[in-house]
Amino acid sequence: MSLKVTLLGTGVGIPQPGRSQSAMLIESEMPLLFDCGAGTLLRLEQAGLDIEALDTAVLTHLHLDHVSDLLALAKARYLSQLYALEIYGPLGTARWFETLQSAFPYLEKMQTNVHEVRPMDSFQLKSCEIFAEEARHSVTALAYRIEAQDKVVVYSGDTEPSARIAALADGSDLLIHECSFPEPFEVTNHSTPRRLGNMLRNTNVKRVVLIHLYPQAEGLEEEMADAVSNCTGLPVEVGYDLQIIIV
Ligand SMILES: [Zn+2]
Ligand SMILES: [Zn+2]
């Protein structure tokens with residue numbers, strides 16, 4: 001059995017050619033959406049996914065480039081008379097979503113359930129077992145380990161290189177990790193190739209795909225993947241929008 005991962009958006013808050021904001025789809029029996037940045041609805045359509053099947057979104061954190069299209073998804077389901085919507089996200093997600101929704105009273109017809117997730121929580125979603133871990137970012141943020149069909153995918157969300165996330169990814173089939181800036185940028189709250197590579201040095205992962213690229217990374221994708229690969233000996237590539245990865 002296999003898991004199908006579709007990178008819907010590999011970009012960030014600054015517009016750039018070809019990269020929509022953060023979103024990823026994992027399909028085992030049913031599709032699960034991870035993050036829902038601006039452009040996600042269009043990417044879902046381009047990926048051939050019917051929103052009827054999409055009633056669950058899992059958020060890593062509440063930055064706009066990861067959540068901008070969540071209300072758009074709610075509206076699309078509302079217009080299609082699909083009122084169920086399950087949202088998983090870090091602490092604060094419930095109050096945040098309530099505030100958003102209150103600006104659009106008709107959306108209150110939606111039967112939205114918000115589930116707040118803490119680091120180290122695990123929960124079952126469709127046929128996936130999901131574990132949450134703390135990410136190192138400027139706001140409360142989570143990384144997720146998704147297990148289904150005997151396969152393991154880890155999604156970092158936004159984070160500095162983190163020993164916790166390296167441990168979460170150990171033994172996984174696929175690590176989708178942010179790598180926001182190329183060398184020689186020095187940043188906090190995000191990852192750069194050499195620091196990420198050093199963190200993953202002893203992590204056993206079958207394949208690493210880098211996402212969440214700022215425009216400064218344009219043209220340096222191969223160099224970034226090589227830098228992470230040289231530190232780790234792992235196969236590393238830079239992801240692109242609508243890339244399908246079968247695990
Ligand atoms: Zn962020
Ligand atoms: Zn981001």
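Indexing begins at 1, ligand by ligand and atom by atom, following the structure's order. Side chains are part of it too, since the values below use all heavy atoms of this structure and drop only hydrogens, waters and symmetry mates.
The distance from the Zn ion (ligand 2) to the nearest N/O/S atom of His212 is under 2.8 Å. Taking backbone and side chain together, His61 holds an N, O or S atom under 2.8 Å from the Zn ion (ligand 1). Within the 2.8 Å limit, Asp158 places at least one N, O or S atom next to the Zn ion (ligand 2). Using a cut-off of 2.8 Å, one finds that His63 contributes an N/O/S atom close to the Zn ion (ligand 1).
For Asp65, the N/O/S atom at the shortest distance from the Zn ion (ligand 2) is named OD2.
The number of heavy-atom neighbours closer than 6.0 Å to CD of Gln216, taken from other residues, nucleotides and ligands shown, is above 12.
The aromatic rings of His190 and Tyr214 lie perpendicular to each other, with more than 60° between the two planes, well past the 30° mark.
Put simply, the side chain of Asp173 gets close to the backbone of Val152: a donor and an acceptor are under 3.5 Å apart.
The side-chain heavy atoms of Asp158 and Asn189, taken from C-beta on, include no pair separated by under 4.5 Å.
Here Met120 is tied to no hydrophobic group at all, with no ILVMFWY side chain closer than 4.5 Å.
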